[in-house]
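Every number for a ligand or one of its atoms is a count from 1 in the order of the listing.
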Amino acid sequence: MEIIDTIAAFRQARARFGELGLVPTMGYLHAGHLSLVRRAKAECGAVATSIFVNPTQFGPNEDLERYPRDMERDLALLRAEGVDLVFAPAAAEIYPQGFNTFIDVGGVTEMLEGAARPGHFRGVATVVCKLFMIVQPTRAYFGQKDAQQTVVVSKMIRDLNLPVEVVVCPTVREPDGLALSSRNTYLTPEQRQAATVLSRALTAAQRRYEQGERNAETLREAMHSLLAAEPLAQVEYVSAADPLTLHELEVVGPRGALLSLAVRIGATRLIDNVALE
Ligand code: PAF
């Protein structure tokens, strides 16, 4: 496994491979990331993983400084998975002095995470586009956990004709349902227990849907009522939206729906979602 921190050296190394899968990450890897690596390994001749805590996708009052990092552990995990190339640049390599070009994906960035975290998707789209240009992957692997991110990246690829195929992989969960996230490490034991309310709320609404409920407001209310019963949970949003446009639905139609929510447990902001087919 080659560990590379400059764009020039990465381009040289990349030239030795044909088909290449990219798993973009911000490090502090968990089983969710590793499931993306395994899928990429199974589908591509070679696999590259990027580790870069992207400053432009964090708002001024967000957790950039305290975002968990453990490069040695990450590299050991990736080595064990048989990853070929790791791209782990410093911030100045990606954003040198004078950097001033950003990608603004319209429409699908306006709601949900985009409304709650102004500028977040501008940072995500910009860094993902740069990673695509540097790594030149055949396919790029993203987790369903960040559902809106997958919609935004797919739209950017379509709108800019980027020659990359996006592969979205299922959310990996703890046995009690909590979606894996590097931010789960912020939770105290009591908060960790309370955090199961996200997946419980989604499951309750999903069950209503499977029983035939198609009124989107009823599905949102089903999630709200579970969340209201958890004293440590502060709800930011609850959504039942069209899976392509992300507009809130009145009725779930043939395209199904994306149920999603953002909840604060203490100071930690968690998101989760489930796709209704
Ligand atoms: O999902 C993430 O970890 C990040 O948003 C990504 C795609 C690596 C871009 O920084």
Exercise. Going by the order shown, which atoms of ligand 1 are within less than 4.0 Å of some heavy atom of V127?
Worked result: 9 (C), 10 (O)
For this session: Identify whether the distance between the nearest side-chain nitrogen and carboxylate oxygen of D272 and K145 falls below 4.0 Å.
Result: no
Exercise. Does the pair R16/E2 count as a salt bridge with the N-to-O cut at 4.0 Å?
Worked result: yes
Seminar exercise, completed: Within 4.0 Å of some non-hydrogen atom of T25, the atoms of ligand 1 are 8 (C)
Problem set entry | Numbering as shown, the atoms of ligand 1 that approach Q149 to under 4.0 Å (heavy-atom distance) | 1 (O), 2 (C), 4 (C), 5 (O), 7 (C)
For this session: Starting from atom 3 (O) of ligand 1, find the nearest protein heavy-atom neighbour and note its residue, name and distance.
Result: M26 CG, 3.6 Å
Exercise. Can you name the residues that form a salt bridge (Lys or Arg N to Asp or Glu O under 4.0 Å) with R122, not counting sequence neighbours?
Worked result: D104
For this session: Compute whether any side-chain donor of one residue and acceptor of the other, for E62 and Y67, lie under 3.5 angstrom apart.
Result: no
For this session: Examine Q57 against ligand 1 and note whether any of their N/O atoms are separated by less than 3.5 Å.
Result: yes
For this session: Using the ring of Y186 (Phe, Tyr or Trp, six-membered ring only), decide whether R66 places NZ or CZ under 6.0 Å from its centre and within 45 degrees of its axis.
Result: yes
